[in-house]
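Every chain is numbered from 1 and lettered A, B, ... according to where its sequence line falls, protein lines coming before strand lines.
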There are 2 protein chains.
Amino acid sequence: MQIKKQMEDIILSDVQKQLIERLGVASEKEGLPPAPSRILALLMVSPVTELTFDQIREHLNLSKSATSTALNLLLTTNRIDYITQSGDRKRYFKNRIGNWRENIKGSVKKITNSADVLEEILNTRPDNTPEFNKDLKDLISFLRFMNDNLPALYRQWEEQND
Amino acid sequence: MQIKKQMEDIILSDVQKQLIERLGVASEKEGLPPAPSRILALLMVSPVTELTFDQIREHLNLSKSATSTALNLLLTTNRIDYITQSGDRKRYFKNRIGNWRENIKGSVKKITNSADVLEEILNTRPDNTPEFNKDLKDLISFLRFMNDNLPALYRQWEEQND
DNA sequence: ATTTTGGTTCAGTAATTGAAGAACTAAAAG
DNA sequence: CTTTTAGTTCTTCAATTACTGAACCAAAAT
């Protein structure tokens, strides 16, 4: 087969490039390294949502190894996914934005978690710091309250969103 | 005045030390460097809530410089505060846990912010990726919904908590 | 059978971070 | 006015991060 598959040349406007940087920086603040952050942002902004290893690599001026490592990190942390097409060895990577509901659940879970740690702390605290203990108690109470009520709030959004 | 002020020797149980580590690691995940994270955790767990430079320094085995830098970071980011006592040059540092309401407000603000970025991205997206766009749209809608409804939920907690 | 494709893995490196230590300083005590 | 206290600031150092480039490899194409 001589017909070389035409690489879809994704061209991004300056605005789109800026959005990649902005979103990339946001991901870095969440603790992701720069390269994975950029990849994730590219897969969010690119008009073509499914990009090959080399498209990503070229667009972000990364080395093969950096691209490989970053993609594998994103894959193992469930932030991206890839599909294949029969008769094409390439993998097409895509942002798993459809997973946002799962991600939100994860964030809520983290709230429970920190409430638990704070509660353990509260249990070790002496009685002679009532103001401090009250603040801590309130915070824990608030976190638990949020935990209990967020699911209902989510369902409420779901309804109005149908 | 010859009476050397007795340094209140804060002694922490193993459980409390572990809690400091756990809470410290949690802070590191939020992007704080190790030393500030430990200090913040110590000021949460310590039965004495107001500690001097040297008490902190000694308890965490930090150098003076590390202690100084870390404390100043925590001060400028409003995570701790200090009080003084007349006729005592030392500053007594304390965790500003009472500020948790402010902090929560900050987190909510961050939701708005990311919704804004995502909306900008949505506006640049082509029409030929309807599934992706729908997911993005839903996420934005959900974030906005949360933003609009969280204040009321907070007030609800406030009432039940009186 | 050998070349190309689509990567992975490894060794090395440059930049950044986080802390240590020593020198320094301003205010208060002696 | 000298010393002590309560830190700050500066230089240095070690560890870690985030990448590059080169070698490598398995499957598919030629």
Side-chain angles (χ1 to χ4, degrees), chain A residues 1-8 21 24-25 27-42 50-77 80-94, chain B residues 1-8 21 24-25 27-42 50-77 80-94:
Chain A
M1 179 239 286
Q2 294 296 52
I3 306 144
K4 220 171 218 156
K5 189 163 211 178
Q6 195 70 24
M7 156 115 75
E8 290 212 53
E21 283 313 305
V25 169
S27 287
E28 285 185 53
K29 285 189 188 152
E30 305 293 293
L32 266 196
S37 297
R38 295 294 173 291
I39 293 178
L40 215 48
L42 172 62
E50 288 152 15
L51 299 182
T52 66
F53 188 100
D54 271 318
Q55 285 178 312
I56 292 167
R57 192 205 105 94
E58 277 165 33
H59 203 89
L60 298 175
N61 292 309
L62 291 171
S63 65
K64 283 176 85 176
S65 52
T67 308
S68 176
T69 313
L71 284 173
N72 287 323
L73 171 68
L74 294 172
L75 283 169
T76 57
T77 56
I80 63 169
D81 203 355
Y82 65 86
I83 56 165
T84 49
Q85 266 134 35
S86 64
D88 184 352
R89 197 144 57 98
K90 285 196 274 300
R91 292 179 294 176
Y92 291 81
F93 298 93
K94 54 176 302 192
Chain B
M1 181 236 288
Q2 294 296 55
I3 307 142
K4 219 169 217 159
K5 188 163 210 176
Q6 195 69 24
M7 158 113 76
E8 290 213 52
E21 282 315 303
V25 169
S27 286
E28 283 185 54
K29 284 188 188 152
E30 305 293 293
L32 265 196
S37 297
R38 295 294 172 291
I39 293 179
L40 216 47
L42 171 62
E50 287 154 15
L51 299 181
T52 65
F53 188 100
D54 271 318
Q55 284 178 313
I56 293 167
R57 192 206 106 95
E58 276 165 32
H59 204 90
L60 298 175
N61 292 309
L62 291 171
S63 66
K64 284 176 83 175
S65 52
T67 309
S68 176
T69 314
L71 284 173
N72 287 324
L73 172 68
L74 294 172
L75 283 169
T76 57
T77 56
I80 63 169
D81 203 356
Y82 65 85
I83 55 164
T84 50
Q85 267 133 33
S86 63
D88 185 352
R89 198 141 59 95
K90 285 197 272 299
R91 291 179 293 175
Y92 291 81
F93 298 94
K94 56 177 300 191

Peer 1: Could you state the atom-to-atom distance from NZ of K90(A) to P of dA27(D) in whole Å?
Peer 2: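 Going from K90(A) (NZ) to dA27(D) (P), I get 18 Å.
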
Peer 1: Any side-chain N or O of R91(A) less than 4.0 Å from the OP1 or OP2 oxygen of dG7(C)?
Peer 2: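 Answer is yes, contact under 4.0 Å.
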
Peer 1: Whole-Å distance between dA6(D) C1' and R57(B) CZ?
Peer 2: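 Answer to the nearest Å: 12 Å.
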
Peer 1: Nearest whole angstrom, please: distance from the P of dT9(C) to the CG of L71(A).
Peer 2: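 Going from L71(A) (CG) to dT9(C) (P), I get 13 Å.
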
Peer 1: Roughly, in whole Å, what's the span from CG in N72(B) to C1' in dT9(D)?
Peer 2: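 It is 11 Å, rounded to the nearest whole Å.
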
Peer 1: Rounded to whole angstroms, how far apart are CD on Q85(A) and C1' on dT5(C)?
Peer 2: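 After rounding, the gap between these two atoms is 16 Å.
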
Peer 1: For residues 64-71 of chain B, which side-chain N or O atoms pair as donor and acceptor with protein atoms under 3.5 Å away, sequence neighbours left out?
Peer 2:
| from | atom 1 | to | atom 2 | distance (Å) |
| --- | --- | --- | --- | --- |
| S65(B) | OG | S63(B) | OG | 3.2 |
| T67(B) | OG1 | S63(B) | O | 2.7 |
| T69(B) | OG1 | S65(B) | O | 2.7 |

Peer 1: Summarise how protein sits on nucleotides 11-27 of chain C as a single string, 5' to 3': B when a protein heavy atom is under 4.0 Å from the base, S for sugar-phosphate-only contact, - for no contact.
Peer 2: -------SSBB----BB

Peer 1: What residues, two or more places apart in sequence or in another chain, satisfy side-chain contact (heavy atoms from CB on, under 4.5 Å) together with E21(A)?
Peer 2: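 Testing E21(A) for side-chain contact (heavy atoms from CB on, under 4.5 Å), a comparison that skips the adjacent residues, returns R38(A).
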
Peer 1: Taking atom CZ of F53(A) as the centre, report whether more than 12 heavy atoms of other residues, nucleotides or ligands fall under 6.0 Å from it.
Peer 2: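 It does: F53(A) CZ has more than 12 such atoms within range.
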
Peer 1: Quick check: closest heavy atoms across I56(B) and L42(B), and the distance to 0.1 Å?
Peer 2: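 Here I56(B) and L42(B) meet closest at CA-CD2, 4.1 Å.
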
Peer 1: Figure out the CG/P separation between L73(A) and dC19(D), and round it to whole Å.
Peer 2: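 Rounded to the whole Å, the gap is 11 Å.
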
Peer 1: If I take atom OH in residue Y92(A) and atom C1' in nucleotide dG7(C), what distance separates them, rounded to the nearest angstrom?
Peer 2: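 Rounded to the whole Å, the gap is 14 Å.
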
Peer 1: Provide, to the nearest angstrom, the distance between the CG atom belonging to L51(A) and the P atom belonging to dG6(C).
Peer 2: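 Whole-Å distance recorded here is 15 Å.
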
Peer 1: Can you name the residues that form a salt bridge (Lys or Arg N to Asp or Glu O under 4.0 Å) with E30(B), not counting sequence neighbours?
Peer 2: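 Once residues adjacent in sequence are excluded, E30(B) has no partner under the salt bridge (Lys or Arg N to Asp or Glu O under 4.0 Å) criterion.
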
Peer 1: I'd like to check the salt bridge (Lys or Arg N to Asp or Glu O under 4.0 Å) partners of R91(A); sequence neighbours left out, ordered by chain and number.
Peer 2: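 Testing R91(A) for salt bridge (Lys or Arg N to Asp or Glu O under 4.0 Å), a comparison that skips the adjacent residues, returns none.
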
